[in-house]
Amino acid sequence: MKVAIIGTGYVGLPTGVGLAELGHEVICIDRELAKIEKLQAGKVTLYEEGLEDLLRKNFQAGQIKFTTDLSEGVKDAQVVVLAVGTPPHPVTHEADMRYVYEAATELVSCLQNNEYTVIANKSTVPVGTGDMVQNLIAKNNQHINFDVVSLPEFLREGYAVHDFFHPNRIVIGADTERAKQVICDLYKPLLQHNPQCTLLCVNRRSSETIKYASNSFLAAKIQFINEMADFCECVGADINEVAQGMGLDARIGKSFLQPGPGFGGSCFPKDTMALDFMARQNNIDLSLVRATIEGNRKRINSMATRVLDAVAYDVTVPCIGVLGLAFKNGTDDCRVSPAMQILQKILQQNSKCILRVFDPEAIENARMLLQAYPQYNTRVTFCNNAIDVCMGADVLTVLTEWPEFSNLDLQHAAKIMRHLYIVDCRNMLSAEQAIKLGFSYRGIGI
Ligand code: UDX
């Protein structure tokens, strides 16, 4: 099938490359010429394990193309995937729909020559968006033969290629049989290789709701284990053992029970706030979602306080070594990163402290984000490797769960740090080894 993907971000690009790998003829459209030129040079515009090789292979085979020209891109496409951003409004936190609206408006003048087109909303969009897109196009051009479906993505950043080829479910929100069949045909090659994957066809609004409900539930699960970690610290229990015991119950499940500094990224924070906004719009109180948002926000402050309290009695102008800037391991993405938020809280709470920071992939994105705060320029040093953040540091904190941080040479760190404090917000370092080397070690929930 010929598929057009509008948007080449964390959702659009992996989806386009994945569909090309399945044998479809894919054209990815983005209004940013610089992005398109980079993609045409075989360079990915975001860090995702395995994506660049697949991109190059399919681009050289002519299976995937890139353009800034939307009307050209959607010509004769059986499926047009909307994978544009829906960022939260800075104040109300509702999903900003302008990019979806603009794409739908552009499609009004582009599809009348297509025999039949399925427009698939893959972006996380408020419930009812499919109706909005359908009505907008139908009202402005009666000559287009199309349907709009909800096709939520469940890719995790850092694992997008893996998740695309190993889905456990494909949810289709379609209100016509014909549209449902087109999307089933689109994913048929994938389903043939993944017999364990469930193809779930529901109505469009249910599909839009599944996305928000899934992400909000996962966020709540993380908030829950983080609160249990705080409880464990008070009663002398070990959160790792508690999580292990809980996870053995199939109804709870082992995943997403890893305590940390809070959840971040471009999805959980955005989606929980958007769901809360939609609930309030409908005069319903989703108290669990609200508590998840509020608890996660407070956690950022409490983690920053933990780091500063560790050295408060030894130094008034501490040097803090920070391992991890990305919102999680496996990605270069610093959007709504707990690490970046904690780092900024530390700089605010102690106006004199200095930071030495490192992340295997996210340094450039972190540097760009901090450019908005020039007052921090002289106080943050970006290091080239993990051990370098320990040079002269009074406290070392781990904020992102990169597995390589577990291999940090603590013996070397003990020699080059000024004071020996560790605040491990991801339980990545060995408490036993640290204590043997003379460190004062504080983990999460242990
Ligand atoms: C999430 C959903 O998992 C994915 O299905 C959806 O399509 C997009 O949003 P993502 O945002 O990429 O994916 O990251 P995820 O791996 O879910 O982690 C989100 C945050 O929770 C990260 O900050 C991570 O560090 C944190 N986390 C995750 C925990 O603190 N503990 C855990 O056990 C798991």
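Numbering of ligands and ligand atoms starts at 1, following listing order.
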Quick one: table the atom pairs, ligand 1 N or O against protein N or O, below 3.5 Å, distance rounded to 0.1 Å.
from: ligand 1; atom 1: 5 (O); to: Phe154; atom 2: O; distance (Å): 3.2
from: ligand 1; atom 1: 7 (O); to: Glu153; atom 2: OE1; distance (Å): 3.4
from: ligand 1; atom 1: 7 (O); to: Leu155; atom 2: N; distance (Å): 3.4
from: ligand 1; atom 1: 7 (O); to: Leu155; atom 2: O; distance (Å): 2.8
from: ligand 1; atom 1: 7 (O); to: Lys211; atom 2: NZ; distance (Å): 3.0
from: ligand 1; atom 1: 12 (O); to: Glu157; atom 2: N; distance (Å): 2.6
from: ligand 1; atom 1: 12 (O); to: Lys328; atom 2: NZ; distance (Å): 3.2
from: ligand 1; atom 1: 14 (O); to: Lys328; atom 2: NZ; distance (Å): 3.2
from: ligand 1; atom 1: 16 (O); to: Lys328; atom 2: NZ; distance (Å): 2.8
from: ligand 1; atom 1: 23 (O); to: Gly264; atom 2: N; distance (Å): 3.0
from: ligand 1; atom 1: 23 (O); to: Phe327; atom 2: O; distance (Å): 2.8
from: ligand 1; atom 1: 25 (O); to: Phe327; atom 2: O; distance (Å): 3.4
from: ligand 1; atom 1: 25 (O); to: Glu401; atom 2: OE2; distance (Å): 2.9
from: ligand 1; atom 1: 25 (O); to: Arg426; atom 2: NH1; distance (Å): 3.0
from: ligand 1; atom 1: 25 (O); to: Arg426; atom 2: NH2; distance (Å): 3.2
from: ligand 1; atom 1: 31 (N); to: Gln258; atom 2: O; distance (Å): 2.8
from: ligand 1; atom 1: 33 (O); to: Gln258; atom 2: N; distance (Å): 3.0

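- Annotation for Pro269 and Phe263: closest pair N-CE1, 4.0 Å, computed over non-hydrogen atoms.
- Across Leu370 and Val380, no two heavy atoms sit closer than the pair CD1-CG1, 4.1 Å.
- Remark: the backbone N or O of Asp276 is not paired with any side-chain donor or acceptor of Arg290 at under 3.5 angstrom.
- With Thr86 contributing its side chain and Val125 its backbone, the two residues share no donor-acceptor pair below 3.5 Å.
- Salt bridge Asp185/Lys188: present, at least one basic N to carboxylate O contact under 4.0 Å.
- With salt bridges taken as basic N to acidic carboxylate O contacts below 4.0 Å, one links Asp131 and Arg204.
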